[in-house]
Amino acid sequence: MENKAVRLDKYLAHAGMGTRSEVKKLIRSGRVLLNGVLAKKAEEKVSDSSVVIVDGAEISLEEYQYYMLNKPAGVVSATQDPMDRTVVDLITCLHHKELFPVGRLDKDTEGLLLLTDNGALAHQLLSPARHVSKTYLVYAEGELTKEDALLLENGMDIGDKMPTRPAKTANISYHEMSGKEGKSMQTRLELTITEGRYHQIKRMFAKIGKPVQYLKRLSMGSLELDASLSPGEFRRLTEEEINSILNYLA
Ligand code: URA
C-alpha cells in the first residue's frame with residue numbers, strides 16, 4: 001500500500017478482515033482500536049505509523065497471514081466441517097476467508113498447527129520430497145524396548161508400499177500407571193519423523209504392539225510450539241519465525 005493515509009474500513013478490508021460492509025460492522029461494534037483509541041468511524045485515517053488492533057490482535061497489510069495454533073483434541077484440521085468444530089473456527093480474531101491449516105493432525109492429536117493463506121509455502125512444507133521434520137511427544141502403552149526403538153529408527157513396514165523413512169527417538173522415559181485393571185507401564189518419548197502419512201505414528205506404534213495413548217506435535221521444520229499457548233490458543237507468527245521457515249525451505 002502506498003505511503004499515505006487511507007480510510008480505516010478500506011485498510012481493514014485490504015488486510016483481509018472482511019468486505020467493506022463487514023468491517024464497518026466491526027468498527028460499529030467497538031472491536032477496533034486505532035492508535036490505542038476505540039475507532040468510531042469508517043472514515044478515520046490510517047497512516048504508515050498507525051497501529052490497528054481488532055479483538056486484541058494487531059492487523060497488518062503483510063501479504064500473507066501466519067498463525068500458530070496449539071490445536072486441542074476434539075477439533076478437526078479442516079477449513080469447514082458439517083459435524084465438528086475446525087481449527088479455522090478457533091482463529092476467532094480473524095475474518096480471513098483464505099486461512100487454512102498446513103497439513104492435518106488427527107482429531108485427537110494436540111499441538112503445533114500452522115495456519116496461513118500462503119499456498120506456495122504450505123505446498124513446500126507438505127511436499128513429500130522435502131522431508132520436513134516433525135517432532136511429536138508420544139505416550140504409548142507398555143514399555144518400549146531397544147528393538148522397538150530400532151524399528152522406529154530404521155524405518156518399518158506399516159502396510160504401505162514403502163517402509164517408513166528413518167525416525168529419531170529422544171528423551172525416552174517409563175511410567176507406572178494405575179488404572180481400573182491394576183498397574184501398567186507407559187512410555188513417554190519424543191519422535192521425529194520426516195513424512196506425513198495418514199495416522200503414521202499411531203500405525204508405527206500399533207505395529208510394535210504399543211498403542212499410542214496421547215500425541216502432541218511439538219515442532220515442524222524450524223517452527224516450535226510456543227509453550228505458553230494452552231490448547232485452543234493461538235498467536236501470529238513473529239517475523240523471525242516466518243523468516244526461519246523461509247530459510248529452512250530455501
Ligand atoms: N501421526 C498420527 O498418527 N497422527 C497425527 O495426528 C500425526 C502424526
Side-chain angles (χ1 to χ4, degrees), residues 67-81 83-91 99-116 121-142 144 148-172 186-227 229-234 245 248:
Y67 284 83
M68 169 191 298
L69 169 71
N70 183 356
K71 178 192 171 296
V75 174
V76 293
S77 300
T79 50
Q80 43 188 334
D81 190 277
M83 308 283 285
D84 288 304
R85 229 156 40 118
T86 74
V87 290
V88 173
D89 295 335
L90 296 178
I91 313 295
L99 212 62
F100 58 86
V102 178
R104 284 170 192 272
L105 291 175
D106 295 339
K107 189 172 168 185
D108 59 354
T109 300
E110 296 186 355
L112 175 67
L113 197 61
L114 172 65
L115 292 107
T116 185
L121 180 116
H123 185 76
Q124 290 188 67
L125 280 170
L126 297 175
S127 161
R130 289 269 180 178
H131 306 311
V132 169
S133 59
K134 282 142 296 211
T135 299
Y136 292 83
L137 171 63
V138 185
Y139 283 85
E141 198 178 308
L144 196 84
D148 293 333
L150 273 178
L151 274 171
L152 298 170
E153 286 167 6
N154 291 338
M156 57 197 288
D157 176 6
I158 54 169
D160 295 339
K161 269 196 207 135
M162 301 282 282
T164 57
R165 283 174 51 81
K168 281 193 192 121
T169 61
N171 300 325
I172 302 179
Q186 184 186 55
T187 304
R188 177 199 189 278
L189 74 152
E190 284 160 29
L191 184 78
T192 302
I193 58 173
T194 55
E195 298 164 292
R197 302 189 199 182
Y198 181 66
H199 291 333
Q200 178 164 346
I201 294 180
K202 288 177 185 159
R203 286 159 65 209
M204 289 166 82
F205 279 78
K207 190 76 193 205
I208 54 173
K210 315 268 152 70
V212 167
Q213 295 174 319
Y214 173 80
L215 194 56
K216 175 180 183 177
R217 183 153 66 191
L218 304 175
S219 69
M220 181 179 193
S222 59
L223 189 62
E224 288 184 12
L225 179 65
D226 180 336
L229 293 177
S230 299
E233 289 186 342
F234 62 89
I245 297 177
Y248 180 93

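In each ligand, atom 1 is the first atom listed, and ligand 1 is the first ligand listed.
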Exercise for the section: Inspect the surroundings of CD in Glu233 and state if more than 12 heavy atoms from other residues, nucleotides or ligands are less than 6.0 Å away. Expected result: yes
Problem - SB check Lys107 Asp81 (cutoff 4.0 Å) - result: no
Practice task
Might you confirm whether atom CZ of Arg85 has over 12 heavy atoms from other residues, nucleotides or ligands at distances under 6.0 Å?
Solution key: no
Completion exercise
Per-atom filter on ligand 1: closer than 4.0 angstrom to a heavy atom of Leu105 are 6 (O)
Exercise for the section: Please determine, by modelled atom types, if Glu153 and Thr169 share a side-chain donor-acceptor pair under 3.5 angstrom. Expected result: yes
Handout entry: N/O separation below 3.5 Å, Thr109 to ligand 1
Key = yes
Practice task
Among all protein heavy atoms, pick the one closest to atom 1 (N) of ligand 1 and tell me residue, atom and distance.
Solution key: Ile201 N, 3.2 Å
Problem - ligand 1 to Ile193 polar contact by distance, N or O atoms, under 3.5 Å - result: no
Handout entry: Contact check: Tyr136 vs ligand 1, nitrogen or oxygen atoms, below 3.5 angstrom
Key = no
Completion exercise
Result for salt bridge (charged side-chain N to carboxylate O under 4.0 Å, His left out) between Asp108 and one of Lys71, Lys216, Lys202 points to Lys202
Handout entry: Top protein contact for atom 4 (N) of ligand 1, by heavy-atom distance
Key = Asp106 OD2, 2.7 Å
Exercise for the section: Determine whether any heavy atom of Tyr198 lies closer than 4.0 Å to an atom of ligand 1. Expected result: no
Handout entry: Contact partition for Leu215 relative to ligand 1, non-hydrogen atoms under 4.0 Å
Key = side chain
Handout entry: Met156 backbone acceptor or donor facing Thr164 side chain under 3.5 Å
Key = yes
Practice task
Could you tell me whether some N/O pair between Lys202 and ligand 1 is separated by less than 3.5 angstrom?
Solution key: yes
Exercise for the section: State which residues pass side chain to side chain donor-acceptor pair (under 3.5 Å) with Asp148; sequence neighbours excluded, sorted by chain then number. Expected result: Thr145, Lys210
